Each structure stands twice: as C-alpha cells, then as structure tokens.
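Written out below as structure tokens is the structure these notes cover.
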Protein chains: 2
Amino acid sequence: MSQDGVDLPTSVGYLLKEASSALRTAMEAVLRPLGMTVTHYSCLELLAQRPGLSSSALARGAFVTRQSMHVLLQTLEQDGSVTRPATAPTGKVLPIRLTPLGEERLAAASAAVRAVERRMLGELDEAEVAEARRLLRSLVHALRSESAPDPDQRDDEGTPANVAG
Amino acid sequence: MSQDGVDLPTSVGYLLKEASSALRTAMEAVLRPLGMTVTHYSCLELLAQRPGLSSSALARGAFVTRQSMHVLLQTLEQDGSVTRPATAPTGKVLPIRLTPLGEERLAAASAAVRAVERRMLGELDEAEVAEARRLLRSLVHALRSESAPDPDQRDDEGTPANVAG
DNA sequence: TGACTCATGTCAGTATTCTGACATAGTCTT
DNA sequence: AAGACTATGTCAGAATACTGACATGAGTCA
C-alpha cells in the first residue's frame with residue numbers, strides 16, 4: 001500500500017501541507033487576540049510593502065480570488081484600516097492604501113507574526129534557512145513551469161488558489 | 001518598510017504558503033477531470049494506507065475539523081467510495097474503509113497526484129529532496145513545540161486548521 | 001480606426017469549512 | 001467504584017471563499 005500509493009509521511013507534498021497548516025494555525029492563534037484573521041493580515045502586510053496596489057493584485061498576493069478580496073476589502077474599509085478612492089485615477093484600477101489606523105493595527109499583527117516565524121525557524125541556522133528558501137522557490141517554480149495554468153487567469157477559467165495539498 | 005515589516009519575498013512563511021498554494025492549485029487541476037477535490041483525495045489516500053481509521057483521525061490527517069470530515073464522509077458514502085458500519089464495534093469509533101469502487105477511484109487520482117509531485121520535485125536531486133523533507137519536518141516540529149496549541153484539541157477550544165500563512 | 005484580447009471591479013449564488021454545543025464512550029486518578 | 005478528563009460522533013448556524021457572469025477600461029494589431 002505504501003509502495004503503490006503516495007506514502008504520506010515521506011511525501012514532500014504532504015509535509016508541505018502539514019507545515020503550511022501548522023503555520024496557519026499558529027498565526028491564527030496569535031492574530032485572534034488582535035481581532036484579525038490571517039487573510040486580513042496578509043492584505044495589510046501587502047499594502048504596507050506596496051501601497052496603491054489594486055484589489056486584484058492584492059488577491060494574487062494573498063492567494064485568494066479577486067472576488068474574495070473584494071468582500072474582504074469592504075470589511076477593511078468599514079473597519080477604517082484601508083482607503084480606496086471613489087473614482088479611478090486611471091483606468092478601472094482603484095489604488096488601495098493603508099490608513100494610519102491600518103498601519104497601527106498592522107504593526108501589532110506584524111510583530112506577532114514575526115515571532116511565529118522566528119519560532120518556526122528556531123531549529124535552523126542561517127544556512128539552513130537560506131536553503132529552505134531556495135528549495136521552496138524551486139518547488140513553486142517547478143509547479144508553475146509546465147502544464148500549470150497561469151495563476152493570473154484564475155477567473156472565468158477554473159484554477160482557484162485555495163491552499164492545501 | 002522591508003526592515004520593519006515582514007519582507008514577503010524572502011519570508012519563509014510566505015514562501016511556504018506560496019508553495020502550498022501552488023501545489024493545491026496543481027492538484028485541483030489534475031483531480032478536477034476525475035471529479036474529485038483535494039480533500040476527497042486526501043481522505044481516500046489516508047484510508048488506503050490505514051484502513052479502519054475513524055472520522056476524527058481522518059480529519060486530523062487531512063488538516064480539517066472533524067465536523068468538516070463528517071460532511072465529507074457523508075458525500076463519499078453516498079458516492080459509494082467508502083463504507084462505515086452502522087454500529088460501533090467498540091466505543092463510539094466507526095471504522096471507515098474503502099470500497100472497491102473507492103480503491104479504483106483512488107488509483108487514478110493517486111497516479112495523477114504522484115505526477116504532480118514528481119513535477120514539483122523536478123528541479124531537485126535526491127539529496128535536495130531529502131533535505132527538503134528534513135527542513136519541512138523541522139518547521140512543523142518547531143511550530144508545534146511551545147505555545148503552540150495541541151492540534152488534536154482543535155475543537156471547543158479554538159485552533160482550526162485551515163492552511164494559509 | 002475597429003476588432004480582439006486581457007485585466008479589473010462588481011454583483012449574485014453556491015459550496016465548503018469553521019465555530020459552538022451536546023451526548024456518549026473509554027481512560028485515568030484517587 | 002466514582003469522578004474527572006479526553007476523544008468521538010453528530011447536529012445546527014455562521015463565516016468564508018469560490019464559481020459564474022457581466023460591463024468597462026487599456027493595450028495590441030491589422
């Protein structure tokens with residue numbers, strides 16, 4: 001059974017999902033007291049690094065559909081964490097920005113998440129961390145290389161970004 | 001901004017999520033033609049390797065809540081892929097098993113998923129794959145070590161397993 | 001210029017998963 | 001043996017994300 005099927009304990013795919021799941025769980029645990037979900041945090045962090053990003057761009061960066069990001073942004077806007085111009089400066093793109101309140105909330109969340117990442121990497125030295133980055137990038141690159149649908153065309157075509165494995 | 005916040009492109013956490021997301025997308029792409037979702041597949045694969053698993057054990061293995069697994073199993077049972085005894089042989093645990101039809105479906109799905117995993121690892125040699133396993137296990141271990149809630153007590157306590165990061 | 005293709009924003013409906021809660025069956029402790 | 005603790009199965013409601021669809025700008029190319 002282990003030879004014919006995918007041997008889960010040694011499958012890199014399974015380990016990837018396991019690690020990703022553990023990370024999300026840990027992040028949820030530290031973000032919950034701050035009244036923030038992982039997706040909220042991801043969105044704010046992306047905006048901090050690249051102010052003026054569009055809703056669709058945010059969706060790609062957070063690995064959700066642009067429809068999901070759309071409703072999330074409505075929440076964050078009501079929340080007062082982000083602002084969006086009523087009319088598009090050019091084209092249809094509505095550049096989104098953090099408000100001071102959003103930056104404030106992000107600061108606390110970002111610190112908590114950094115602590116989680118530090119704990120995650122606690123058993124590794126610098127060289128191993130670098131190697132982990134390199135290997136993960138290789139996996140992503142290989143998965144997207146051939147016969148892998150373009151992640152940008154997630155819409156009206158059928159290749160969502162859920163996360164799992 | 002990059003020093004203060006979490007620098008996404010170099011964050012191992014972000015790369016982990018990126019890789020996991022890419023893997024799930026790729027798996028969905030190959031499983032869709034087989035009429036199967038990633039969670040369905042995970043469940044069947046677990047059952048193939050450990051027949052007689054309980055619903056809760058399956059949930060842990062697939063990184064979802066036991067409630068989600070419960071509804072999933074109802075689908076798979078109607079589907080004719082798995083069977084569950086009406087009464088518990090001992091205690092409350094209802095051991096679940098694959099039907100011949102389930103095994104058949106799993107065979108096709110498992111082959112497709114193995115191909116995806118092969119593609120994912122295509123750029124790496126054997127030593128690098130082993131290193132990837134080791135590093136991923138280290139991340140999981142470190143995340144669960146301290147101040148990380150027991151994943152078994154996901155219920156009535158507040159630490160779900162969603163996947164993201 | 002006009003047709004084509006692509007990306008974005010948005011609305012509506014569906015599906016999946018989660019949170020909360022409760023009863024019950026083993027297990028461990030005293 | 002009784003009580004406490006843990007784990008399981010299950011039901012119901014809520015939150016979240018996704019699929020499908022449509023209109024609108026922008027860029028490309030003949």
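Quantities reported herein were computed from a predicted structural model and do not represent experimental measurements.
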_Test of understanding: with side-chain hydrogen bond (donor to acceptor under 3.5 Å, both in side chains), list the residues that count as partners of B:Ser54, not counting sequence neighbours._
none
Quick one: which protein N/O atoms are closer than 3.5 Å to N/O atoms of nucleotides 24-27 of chain D? Pair and distance per line, please.
unit_1, atom_1, unit_2, atom_2, d
D:dT24, O2, A:Lys92, NZ, 3.2
D:dA26, OP1, A:Gly91, N, 2.6

*By side chain to side chain contact (heavy atoms under 4.5 Å, CB included) - contacts of B:Val71 (at least two apart)*: B:Gln74
*Would a 4.5 Å heavy-atom cut-off, applied to side chains only, mark B:Leu135 and A:Glu128 as touching?*
yes
_Suppose we screen for side-chain hydrogen bond (donor to acceptor under 3.5 Å, both in side chains). Which residues come up paired with B:Ser55, at least two apart in sequence or across chains?_
none
*Contact class for B:Leu94 (heavy atom, under 4.0 Å): base, sugar-phosphate, or nothing?*
sugar-phosphate
*Nucleotide nearest A:Ser54 (side chain, heavy atoms from C-beta), chosen from C:dT8, D:dT10, D:dT8*: C:dT8
*Report the nucleotide, chosen from D:dC18, D:dT8, C:dT8, that has the shortest atom-to-atom distance to any side-chain atom of A:Val64.*
D:dC18
*Could I get the full list of side-chain hydrogen bond (donor to acceptor under 3.5 Å, both in side chains) partners for B:Arg97, not counting sequence neighbours?*
none
*Nearest of C:dC22, D:dA17, C:dT8 to any side-chain atom of B:Arg66?*
C:dC22
*Classify the side chain of A:Gln67 versus the base of D:dG20 as yes if they form a donor-acceptor pair under 3.5 Å and no if they do not.*
yes
*Let me know, please, whether A:Val71 or B:Ser55 comes out on the 5' side of the other along DNA chain D by nearest nucleotide.*
B:Ser55
*Set of residues satisfying side chain to side chain contact (heavy atoms under 4.5 Å, CB included) with respect to B:Val116, sequence neighbours excluded*: A:Leu143, B:Leu23, B:Ala26, B:Met27, B:Val30
*If you pin A:His40 and B:Gln74 to their nearest nucleotides in DNA chain D, which one's is more 5'?*
B:Gln74
